[in-house]
**Q** 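My questions all concern the structure below.
Every heavy atom of this structure was used, including side-chain atoms; hydrogens, water molecules and symmetry mates were not. Remember, predicted model here, so these are calculated numbers, not experimental data. For this chain, numbers begin at 1 and follow the sequence in order.
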Amino acid sequence: MSADPVARALGAAISEALGARFEVTALSPVGGGCIHTALDVAGRSSATGAMRYFAKVNDSASAAMFEAEADGLAALIDAGCVTVPEVVARGHDDERAWLVLQWLELTPLADRSAAALGHALAAQHRVPREHFGWARDNFIGDSPQANGWSDDWHAFWRDQRLQPQLRIAARKRLPSRMIDRGERLVADCGALLANHRVEKSLLHGDLWGGNAAALEGDVAALFDPAVYVGDREADVAMTELFGGFPAGFLAAYRADWGLDDGYTVRRELYNLYHVLNHANLFAGDYVRQATHSIERLLAEIA
């Protein structure tokens, strides 16, 4: 058995999940993780031979984040429209927490795989849901994301998305003008959603380019979700933030389910949540970006 405590913990967790002994033979760092340590886990099972998994590891306080991620992946799998990695094992001890996932051979999205994702996401968004929100709180990056159930989309977006980010900004003593103007926007943002029919759709919730990739055969895959039920445009909007997706994505999505008039303004409103979160996490240019976004949205209301 490996002397590496991480290898021992992962080996034991995978063995329990498989119902057969699994010995880790190699752990290799994987790029892309900014919160957790990401690992390529190679090993051998007494039942199936050579196996490979993807694992995230962090200190034990991260167990709640891994639990929420596993819950989100299960919801996306249950919807049956978009490919996501299956959860193999999850657990923690006194020192560390871990999440072990199916290994997927990923490559960057290209136009055809992005188009496949557009069709798949439109199908997922069409699956009927009863309420906005989610049964449990989860995380957006490493920031807490409050949910709960609601039948009022405007109130949910105001109270569970924008308002909490402004409170965090106040605690972090970000510029008072940004916060004050943001509070005014929050009070009046219902005007930006007026006359917009909102369908209750299961959202990935953190759909930037770093959380999507392609598999063999131009199949698209998603990972690192922050799921909840909300306006489908919130997912679509984020695909146009932080570098965006290949053009084939939006064209395919619109072909299956067109976006309503006024989308460009709502895109700004929905992406403000993520920009504020980045401002709270990283400050710098994100504070200026959030401030400018707030002013543009207030100008739409005036």
**Q** Can any side-chain N or O of Gln145 pair as donor or acceptor with the backbone N or O of Ala226 at less than 3.5 Å?
**A** yes
**Q** Is it true that Ser293 and Glu268 share a donor-acceptor pair across their side chains at a distance under 3.5 Å?
**A** yes
**Q** Under a 3.5 Å distance rule, please check whether Asn58 uses its side chain to pair with a backbone N or O of Ile35 as donor and acceptor.
**A** yes
**Q** Are Asn147 and Asn138 close enough that a side-chain donor and a side-chain acceptor fall under 3.5 Å?
**A** yes
**Q** May I ask you to decide if Ile140's main-chain N or O and Asp206's side chain share a donor-acceptor pair within less than 3.5 Å?
**A** no
**Q** Please determine, by modelled atom types, if His196 and Tyr263 share a side-chain donor-acceptor pair under 3.5 angstrom.
**A** no
**Q** I'd like to know if the side chain of Asn277 pairs up with that of Arg161 as donor and acceptor (distance under 3.5 Å, no hydrogens or angles considered).
**A** no
**Q** Is the shortest side-chain N to carboxylate O distance from Glu295 to Arg177 below 4.0 Å?
**A** yes
**Q** Can the ring centroids of Phe242 and His274 be said to lie less than 6.0 angstrom from one another?
**A** no
**Q** So how far is it from Leu269 CG to Arg296 CZ, rounded to the nearest 0.5 Å?
**A** 12.5 Å
**Q** Does any pair with a residue in residues 65-108 pass ring-ring contact (aromatic ring centres under 6.0 Å, His included), and if so which ones, sequence neighbours excluded?
**A** His36-Phe66
**Q** Can you see whether Asp231 engages Trp157 through a side-chain donor-acceptor pair at a distance of less than 3.5 angstrom?
**A** no
**Q** Does the side chain of His204 pick up a donor-acceptor pair with the side chain of Asn211 at under 3.5 Å?
**A** no
